[in-house]
Amino acid sequence: MYTTGQLAKKCNVSIRTIQYYDRRGLLHAKRTENGLRHYNDQDLKQLQEILIYKQLGFSLKDIQQIINDTDNNTLKSLIVNQRRKIKQEIKDASEQLASLSQLETFLNKHSDFPGNISQSIFDKITNTKKLKQLRIKLLLIGITIDFILWGSILYFLFLPKEFTMGPARSPYYCYISLV
């Protein structure tokens with residue numbers, strides 16, 4: 001039998017960690033008449049498993065599921081999810097590393113670091129948004145002008161026969177033929 005302190009020392013964790021795991025139901029201490037917690041060899045083994053799963057990045061909630069699982073299906077599923085999560089973290093870290101390399105290159109090319117680099121980035125983002133809005137406005141104006149132009153062309157191509165040019169053949173003089 002181990003006391004909380006002995007179990008903590010044996011596994012290199014704090015007493016508060018043991019108590020917390022006990023409250024969460026991951027460990028099951030037997031209480032003495034004095035209210036002290038005592039753990040057996042099975043609890044020691046379970047704590048070592050918990051610490052291994054923690055080191056692999058599993059949450060305490062996941063560890064609780066693993067402990068309660070009898071056929072390892074939960075563990076298999078959680079391993080797949082954990083691998084996916086770690087791969088994403090590696091990808092994110094690689095992107096951060098690339099950004100740091102770019103910043104380092106910039107610093108090596110320019111002896112002084114611009115204090116307003118974030119303002120410069122913000123300005124570029126703002127200008128990009130303004131340009132996008134301008135493009136949309138120009139597109140709408142262009143579509144309206146095209147519609148009017150093509151409407152006018154179609155109208156004059158298919159002008160009703162009752163509208164003809166007057167005798168002077170002036171484009172400004174039109175009359176309705178009553179024939």
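Since the structure is predicted, the reported quantities are computational estimates derived from the model, not experimental observations.
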Positive for side chain to side chain contact (heavy atoms under 4.5 Å, CB included) with I63, one of L75, L26, N68: L26

Do the side chains of K45 and D41 get nearer than 4.5 Å, heavy atoms only? no

Group every Ile, Leu, Val, Met, Phe, Trp and Tyr by side-chain heavy-atom contacts under 4.5 Å, then state whether L44 and M1 land in the same group. no

Distance-only donor-acceptor check, side chains D92 and Q88, under 3.5 Å: yes

Answer whether the closest heavy-atom distance between the side chains of K10 and Y39 falls below 4.5 Å. no

Passes side-chain contact (heavy atoms from CB on, under 4.5 Å), D43 versus L47? Steps please. CA-CA 6 Å; D43 294 321; L47 177 59; over 6 Å; no

Answer yes or no: does atom CD of E95 have more than 12 heavy-atom neighbours from other residues, nucleotides or ligands under 6.0 Å? yes

Nearest 0.5 angstrom please: F58 CZ to I66 CD1, how far? 5.0 Å

Counting only N and O atoms by type, is there a donor-acceptor contact under 3.5 Å from the side chain of N40 to the main-chain atoms of Q42? yes

Show the nearest heavy-atom pair for residues L27 and D22, with the distance to one decimal. O-OD1, 2.9 Å

Hey, mind stepping through K61 and Q64 against side-chain contact (heavy atoms from CB on, under 4.5 Å) and telling me if it holds? CA-CA 5 Å; K61 180 181 172 188; Q64 183 71 51; 5.7 Å; no

Would you say I15 and V13 are hydrophobically clustered, going by side-chain heavy atoms of ILVMFWY under 4.5 Å? no

Kindly compute the distance separating OH (Y53) from CD1 (I67), expressed to the nearest 0.5 Å. 8.0 Å

Identify the heavy atoms of N73 and D69 that sit nearest to each other, and give their distance. N-OD2, 2.9 Å

How long is the straight-line distance from CD1 of I141 back to NZ of K137, given to the nearest 0.5 Å? 8.5 Å

Please check if the side chain of Q82 supplies one atom and the backbone of L56 the other of a donor-acceptor pair under 3.5 Å. yes

Under the criterion side-chain contact (heavy atoms from CB on, under 4.5 Å), I'd like the reasoning laid out for Y20 against L60: C-alpha separation, chi angles, the key distance, then a yes or no. CA-CA 11 Å; Y20 181 69; L60 291 180; 3.3 Å; yes

Same cluster or not: L7 versus L51, using hydrophobic residues (I, L, V, M, F, W, Y) connected whenever any side-chain heavy atoms lie under 4.5 Å apart? yes

Rounded at 0.5 Å granularity, tell me how far NE2 in H38 sits from CD in Q6. 8.0 Å

Here the pair of heavy atoms bringing R37 nearest to A29 is CB-CB, 3.7 Å

Evaluate side-chain contact (heavy atoms from CB on, under 4.5 Å) for N81 paired with D62, printing each intermediate quantity in order. CA-CA 11 Å; N81 290 339; D62 293 341; over 6 Å; no

Which value, rounded to the nearest 0.5 Å, describes the distance between R31 atom CZ and N34 atom CG? 11.5 Å

Tell me whether Q48 contacts the main-chain N or O of C11 through its side chain, where contact means a donor paired with an acceptor under 3.5 Å. no

